Amino acid sequence: RTMSFSSSMTPSRIRTIEWEMLDKQRFYPYSMMSSFTVRCFLYPLTLVRTRLQVQHQNAVYKGTYDAFRQILTHEGPKGLYRGFWISCFQVVSGLCYVSTYEGVRHILHKQGIKENKIKALVGGACASMVGQTIIVPFDVISQHLMILGTISKQGKSDFTANPLAINTNGRTKSQIAYDVTRTVYNRDGFRGFYRGYVASLCNYVPSSAAWWTFYQLYQDLVNSVTSAFLPHTGTQCLAAVMSGCTTSVITNPLDLVRARVQVQRRNIPDTMRLLWASERFNVFTKGLTARMASSSIYSLAVILGYESVKKMSVLPEYKDSVQW
């Protein structure tokens, strides 16, 4: 087996661990554990971001801090984890995502493409297409569950947050999840679980492609400045945070459209028209603070886990060459 070096490697140390260097029997279970742990810690930020995106102007929450405060006051800590177990199916799509990303990078490398940024751009886009195809049905159900608390426990009401008219009084979480699933199917059939699929692709494919490209770009930039005193894992984590912030700012309007399409059951053109009529230039900043916070922390946690898992899963012949 030959060792392939990218431009970010020195002759004796591996900076970028490629797909063929990994022991897959260790990589997959470690990846699942890492992904689930990250999701447990960061799910509340995702929930708050979704509620801010689907409310009409500031009908319920004034901002990120106010949303956290109101949810804890009216719903308790459990309110921050509405729809969590449904969303955990994303761990499965995450495995398909990383397999596609690394697999596409491997194929491109075999075709003679050595530039990491190009491999990251193409790999990130392909991985997102595969991941979204698997996860959108669970995303639709999870988002409906996330926002039900804005109706059931608070004095202020925003009908757009409960378009399925789900009754939550005296119902358990599993019963509510079943009601949401049944109502979506009764109204739209199987196609209802892919509502917002195109909007998701329009948001997540460029977002994923941009994230991985910026991640490689910032890695090279940070490494050129800090290589003398910052461990390589630290460089990767810093690059991940910077990439998360940059991508959030660029794609925030796309994410807002996606969330509205999936929850409010309108098509993309109608959603965009209504958003512009009601929010104007707020489409660039609505939920942005929560999204940047979520994306930055999520990027940091995911890369810390992902890159560490890769380093722990390399085949024996590469262990001594991996740069931590």
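Because the structure is a prediction, the values reported are computed rather than measured.
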Polar side chain donor-acceptor pair, Y218 to T246, under 3.5 angstrom: yes

Atom CZ of R191: over 12 foreign heavy atoms under 6.0 Å: no

Within 6.0 Å of NZ in K24, more than 12 heavy atoms from elsewhere: yes

Approximate separation, where rounding is to 0.5 Å, of L108 CG and E115 CD: 12.0 Å

Expected output: side-chain Y81 to main-chain C40 donor-acceptor under 3.5 Å: yes

Donor-acceptor contact present, side-chain S208 to main-chain G124, <3.5 Å: yes

Sidechain-backbone polar pair: T235 side chain, N223 backbone, donor-acceptor under 3.5 Å: no

Full working for side chain to side chain donor-acceptor pair (under 3.5 Å) between E102 and H106: CA-CA 6 Å; E102 294 289 353; H106 179 62; over 6 Å; no

Polar side-chain atom of R105 near backbone of E18 as donor-acceptor pair, under 3.5 Å: no

Donor-acceptor under 3.5 Å (T73 side chain, R69 main chain): yes

CD-SG distance between E307 and C237, expressed to the nearest 0.5 angstrom: 8.5 Å

Sub-6.0 Å ring centroid separation between F27 and W19: yes

Whether Y194 side chain and T133 backbone form a donor-acceptor pair below 3.5 Å: yes

Flag for Q216-D220: side-chain donor and acceptor within less than 3.5 Å: no

Sidechain-backbone polar pair: S243 side chain, F214 backbone, donor-acceptor under 3.5 Å: no

K117 side-chain N/O to T213 backbone N/O, donor-acceptor pair under 3.5 Å: no

S295 versus S248, side-chain donor and acceptor atoms under 3.5 Å: yes

Parallel, tilted or perpendicular: rings of Y101 and Y97 (30°, 60°): parallel

Any donor-acceptor pair under 3.5 Å from S35 side chain to M32 backbone: no

From CA spacing to verdict: side-chain contact (heavy atoms from CB on, under 4.5 Å), K119, V104: CA-CA 8 Å; K119 291 192 288 186; V104 169; over 6 Å; no

